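Report on one structure; see the data block that follows.
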Amino acid sequence: MSGFSPDFAGAEVRVSPNFTQRRGTDKPDMVILHYTGMPTGAEAEAWLCDPASEVSSHYIVHEDGRIVQMVRESDRAWHAGKSSWRGVTDVNSWSVGIEVVNPGHILGYTAFPRCQIEAVIALCGNITVRHGIVPERILAHSDVSPGRKVDPGEKFPWRVLAKAGVGHFVEPARAKNGPVLRPGDQGAEVEKLQSMLSLYGYGIEITGSFDQETETVVAAFQRHFRPRQVDGVADPSTIETLRRLLSTLPRGAA
């Protein structure tokens, strides 16, 4: 492929060879947001277009708000890796991947510039309207790959996106004293927590035992929806925030 017309009118085009056809669908119903986790945006963009990397995304959003499209939305980019959401394990086939330039946790995690987030909002808003993607299916890489990935991380301003009509978010419940669920706990309350996380979409086995997988998924949930404290412990704030999210889903979505 020598080139294509961008799906988003404001995007530049730089073609990546790293894509295949979508499997089981011809259009996306999810948007997955990542951070690049590399020293510079230029390096990240080059890596996503390098056949040796075997990774790609549909878009990259630079720190100055510049948007580059590398894979057509009709094609399957290689951005999510091993992942799942609501039972779907081939997330790449069902999603649009957006890389947001940021060095990430290992290289000096920084706040996301306002102009960059404004560009992300414009891009996501356009994609969701064109494909009919519902707010609760705009997700973090860490949501679909808990533990394996932590991006775009706790500094990503999901609240700002939601105020602009992009994504599903509720105000996190305030911290308060009360019982907590943590590794080693077992019983009905743990089973209820696992069931709520599964109902929202996370890939988690319902066992009634607060194992390492449960701790990992709780931390992923916190990183997106209660980022003030990401520790994998299901305190009252975490559990109440999860309940609020479930209660605000459209009927039939949960």
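Residue numbers run from 1 in the order of the sequence given. The shown structure was predicted, so the numbers you read here are calculated from the model rather than taken from an experiment.
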**Q.** Parallel, tilted or perpendicular, as decided by the 30° and 60° cut-offs, for the rings of H34 and H79
**A.** perpendicular
Cluster membership besides V230, Ile/Leu/Val/Met/Phe/Trp/Tyr side chains within less than 4.5 angstrom, sorted by chain and number, is none
D143 meets the side chain to side chain donor-acceptor pair (under 3.5 Å) criterion, sequence neighbours left out, with Y202, H224
With sequence neighbours left out, the residues meeting ring-ring contact (aromatic ring centres under 6.0 Å, His included) with F112 are F156
Check: So do W94 and P28 actually touch side chain to side chain, heavy atoms under 4.5 Å?
Finding: no
Self-check item: Stepwise salt bridge (charged side-chain N to carboxylate O under 4.0 Å, His left out) check, R72 with D7
Solution: CA-CA 7 Å; R72 295 178 301 183; D7 293 299; over 6 Å; no
**Prompt:** Below 4.0 angstrom, N of the basic side chain to O of the carboxylate: do D90 and R22 qualify?
**Reply:** no
For P17 and C49, the nearest pair of non-hydrogen atoms, with its separation, is CD-O, 3.3 Å
Using 4.0 Å as the upper bound for N to carboxylate O, is an ion pair formed by R130 and E73?
yes
Consider only side-chain heavy atoms of I, L, V, M, F, W and Y, link residues closer than 4.5 Å, and tell whether W78 and V15 are in one cluster.
-> no
Salt bridge between R182 and E215, side-chain N to carboxylate O under 4.0 Å? no
On a heavy-atom basis, the closest approach of W158 and I138 is CZ3-O, 4.0 Å
Check your understanding: Are W85 and I206 co-members of a hydrophobic cluster defined by side-chain heavy atoms under 4.5 Å apart?
Key -> no
E54 atom CD: more than 12 heavy-atom contacts under 6.0 Å: no
Query - Linked, directly or transitively: W47 and I60 (ILVMFWY side chains, under 4.5 Å) - result: yes
Is the closest side-chain heavy-atom distance between L193 and V190 below 4.5 Å? no
>> For Y109 and Y35, I'd like to know if the aromatic rings sit close, meaning centre-to-centre distance below 6.0 Å.
In response: yes
Notebook entry, point to check: Would you say the side-chain atoms of T207 and E191 include a donor-acceptor pair closer than 3.5 Å?
Noted result: no
Kindly say whether the aromatic ring centers of H58 and F19 come within a distance under 6.0 Å. no
Worksheet entry | More than 12 heavy atoms of other groups within 6.0 Å of K192 NZ | no
Review point. Below 4.5 Å, heavy atoms only, C-beta onward: do L139 and L33 meet side chain to side chain?
Key: no
**Enclosure of R114 CZ (heavy-atom neighbours >12, cutoff 6.0 Å)** = no
Assess the side chains of E154 and H105: does a donor N or O sit below 3.5 Å from an acceptor N or O?
-> yes
TODO: Examine F169 and L246 and state if one hydrophobic cluster contains both, with Ile, Leu, Val, Met, Phe, Trp and Tyr joined whenever side-chain heavy atoms are less than 4.5 Å apart.
DONE: yes
Is V100 close to T36 at the side-chain level, that is, under 4.5 Å between some pair of heavy atoms? no
Checklist line | Under 3.5 Å donor-acceptor, D151 side chain and G153 backbone | finding: no
Open item on the list: In this structure, would L181 and V233 fall into the same cluster of hydrophobic residues linked by side-chain contacts under 4.5 Å?
Closed with: no
Exactly one of S57, P152, S56 clears side-chain contact (heavy atoms from CB on, under 4.5 Å) with E99, and that residue is S57
task = State whether the number of non-hydrogen atoms from other residues, nucleotides or ligands found under 6.0 Å of R228 atom CZ is greater than 12.
result = yes
